[in-house]
**Student:** 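Pasting a structure here, questions to come.
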Amino acid sequence: MMGISKIFSTFIKNIQKSFTLPEAADASFSYPLCIITILACVILFVVVIRARKIKFTPQMVARLGLALAITFILHAFKIFELPNALGSITLGSFIPLMIISFMYGPEIGMFTGFVYGILNLLMGGYMLNPVQVLFDYPLPFMCLGIAGFFKDKKFIGALVAVLFKFVCHFISGVAFFGNYAPKGMSPWVYSLVANGAAQGLECAICLVILAILPVERLMREVNRSSSIAKA
């Protein structure tokens, strides 16, 4: 029978194969990427486990489904699409997931973002590497749920959520899309500029929409209907 140490060693070697970076990426990023990916997997695991403890009501499920549907619709209306699978500018597709986070809190917001990320991947996502998939789909959209920590300061919540989402795409851009950088440009600079522009413009659109939408009234209606349901 294979010993515990040998099993562990084989497991580590298999994991390392998933972190193979393009030649254009800095080799020194390999080890930090392993650490970051392990932390990301832990976060993902915790969110999924905690989601099992959420008491989903029919009303909540209907709202989550509506938010996911609207997100897909808004995502389909692309203002501009960046080359090399680096993202696109949409008509505020982050907004429905943020509103769910404001309404129900960060846990449900992160879970909804996770579901959307998986569905988005299945409906035509770009798959280059398992780790790239993690940092481009479930994890960044989960980050939008962070807005729920700032339900009384929605603009700050939106900024923080998009910042964390940008970090996920930035890591993916450096590690897996650095070979698309123009000749002589560092993959770090390329990912910073490309993903920074995409996420920054998307965030600006979301802030404008948040300023227009009656989010406070929506939240009051949710609280009122929840109180009636409990009565």
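Note that the structure is predicted; figures quoted are calculated from it, not measured.
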**Student:** Report, one line per pair, each donor and acceptor closer than 3.5 Å where one atom sits in a side chain of residues 109-120; sequence neighbours left out.
**Tutor:**
{"unit_1": "T112", "atom_1": "OG1", "unit_2": "I108", "atom_2": "O", "d": "2.7"}

**Student:** Enter the distance from I205:CD1 to I89:CD1 here, rounded to the nearest 0.5 Å.
**Tutor:**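 One finds 6.5 Å between CD1 of I205 and CD1 of I89.
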**Student:** Determine the minimum heavy-atom distance between L128 and Q132, stating which atoms define it.
**Tutor:**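 Residues L128 and Q132, closest heavy atoms: N-OE1, 2.6 Å.
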**Student:** Taking 4.0 angstrom as the limit, do E202 and K165 come out as a salt bridge?
**Tutor:**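 No, E202 and K165 are not salt-bridged.
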**Student:** Search all heavy atoms of L144 against all heavy atoms of M98 and return the closest pair with its distance.
**Tutor:**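 Between these two residues, the closest heavy atoms are CD2-CE, 4.0 Å.
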**Student:** Is a side-chain donor or acceptor of S88 paired with a backbone partner of K78 at a separation under 3.5 angstrom?
**Tutor:**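 It does not hold such a pair.
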**Student:** Should M103 and I212 be counted in the same cluster of Ile, Leu, Val, Met, Phe, Trp and Tyr side chains packed under 4.5 Å apart?
**Tutor:**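 Looking at the clustering, I212 is in a separate group from M103.
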**Student:** May I ask whether M123 and L121 are part of the same hydrophobic cluster, defined by side-chain heavy atoms of I, L, V, M, F, W, Y residues being less than 4.5 angstrom apart, directly or through others?
**Tutor:**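 Yes, M123 and L121 fall within the same hydrophobic cluster.
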**Student:** Kindly give the heavy-atom pair with the smallest separation between A158 and C203, and that separation in Å.
**Tutor:**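 The pair with the smallest heavy-atom distance is O-SG, 4.4 Å.
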**Student:** Do the non-hydrogen side-chain atoms of F164 and M142 ever get within less than 4.5 Å of each other?
**Tutor:**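 F164 vs M142: side chains apart.
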**Student:** Any side-chain heavy-atom pair from F94 and I99 closer than 4.5 angstrom?
**Tutor:**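 With C-beta onward as the side chain, the pair stays apart.
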**Student:** Quick one: do F135 and L122 end up in the same hydrophobic cluster if we chain Ile, Leu, Val, Met, Phe, Trp and Tyr together by side-chain heavy atoms under 4.5 Å apart?
**Tutor:**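 Looking at the clustering, L122 is in the same group as F135.
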**Student:** Of all the heavy-atom pairs spanning V174 and P187, show the shortest one and how long it is.
**Tutor:**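 The answer is CG2-O, 4.0 Å.
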**Student:** Report whether V208 and I95 are members of the same hydrophobic cluster (ILVMFWY, side-chain heavy atoms less than 4.5 Å apart, transitive linking).
**Tutor:**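 Per the 4.5 Å side-chain linkage, V208 and I95 are not co-clustered.
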**Student:** I need the single residue from T37, I43, I38 that forms a side-chain contact (heavy atoms from CB on, under 4.5 Å) with C41. Which is it?
**Tutor:**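 It is T37; the other options fail the test.
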**Student:** Hey, are the side chains of V160 and I156 touching, using non-hydrogen atoms and a 4.5 Å cut-off?
**Tutor:**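 With C-beta onward as the side chain, the pair touches.
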**Student:** Evaluate the side-chain proximity of L159 to K153: yes if any heavy-atom separation is below 4.5 Å, no if none is.
**Tutor:**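 No, side chains not in contact.
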**Student:** Hey, is CE on M127 packed in by over 12 heavy atoms from elsewhere, all under 6.0 Å?
**Tutor:**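 No, the 6.0 Å shell around CE holds no more than 12 heavy atoms from other groups.
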**Student:** Would you call P96 and L68 a side-chain contact if the rule is heavy atoms closer than 4.5 Å?
**Tutor:**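 The answer is no, as the side chains (C-beta and beyond) never meet within the 4.5 Å cut-off.
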**Student:** Report yes or no: does S172 contribute a side-chain atom to a donor-acceptor pair with the main-chain N or O of C168 at less than 3.5 Å?
**Tutor:**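 No.
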**Student:** What distance do I79 atom CD1 and L91 atom CG have between them, rounded to the nearest 0.5 Å?
**Tutor:**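 So the CD1 of I79 and the CG of L91 are separated by 4.5 Å.
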**Student:** Nearest heavy-atom pair of A181 and S186: which atoms, and what distance?
**Tutor:**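 Result for this residue pair: CB-O, 4.5 Å.
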**Student:** Once rounded to the nearest 0.5 Å, what's the spacing between atom OG of S101 and atom CD of E107?
**Tutor:**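 The CD atom of E107 is 11.5 Å from OG of S101, to the nearest 0.5 Å.
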**Student:** Out of curiosity, Q59 CD to L64 CG, how far, rounded to the nearest 0.5 Å?
**Tutor:**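 If we round to the nearest 0.5 Å, Q59:CD and L64:CG are 11.0 Å apart.
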**Student:** What pair of heavy atoms forms the shortest contact from G92 to L74, and how long is it?
**Tutor:**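 Closest heavy-atom pair between G92 and L74: O-CD1, 3.4 Å.
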**Student:** Verify the neighbour count for atom CZ of F56: are there more than 12 heavy atoms of other residues, nucleotides or ligands below 6.0 Å?
**Tutor:**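 Above 12, so yes.
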**Student:** Judged by atom type as modelled, is there a donor-acceptor pair below 3.5 Å linking the side chain of K154 to the main-chain atoms of K151?
**Tutor:**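 Indeed, once roles are kept as given, a pair shorter than 3.5 Å links the two residues.
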**Student:** Will you find, in the side chains of Q199 and N195, an N or O donor that is under 3.5 Å from an N or O acceptor?
**Tutor:**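 Result is no, nothing qualifies.
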**Student:** To the closest 0.5 Å, what do you measure between CG (L134) and CD1 (I36)?
**Tutor:**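 These two atoms lie 11.0 Å from each other.
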**Student:** Grouping I, L, V, M, F, W and Y whenever their side-chain heavy atoms are under 4.5 Å apart, do V61 and V48 come out in a common cluster?
**Tutor:**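 Yes: a chain of side-chain contacts under 4.5 Å links V61 to V48.
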**Student:** So do P182 and Y190 actually touch side chain to side chain, heavy atoms under 4.5 Å?
**Tutor:**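 In contact.
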**Student:** Could you check whether any side-chain heavy atom of V193 comes within less than 4.5 Å of a side-chain heavy atom of W188, counting everything from C-beta outward?
**Tutor:**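 No, their side chains stay 4.5 Å or more apart.
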**Student:** Taking the six-membered ring for Trp and the single ring otherwise, decide whether the centroids of Y137 and Y126 are under 6.0 Å apart.
**Tutor:**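 They do not qualify: ring centres at least 6.0 Å apart.
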**Student:** To the nearest 0.5 angstrom, please state how far the OG1 atom of T90 sits from the CD1 atom of I73.
**Tutor:**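 If we round to the nearest 0.5 Å, T90:OG1 and I73:CD1 are 12.5 Å apart.
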**Student:** After noting the C-alpha distance and the side-chain angles of F141 and T71, does the key distance pass the side chain to side chain contact (heavy atoms under 4.5 Å, CB included) rule?
**Tutor:** CA-CA 11 Å; F141 290 105; T71 301; 5.9 Å; no
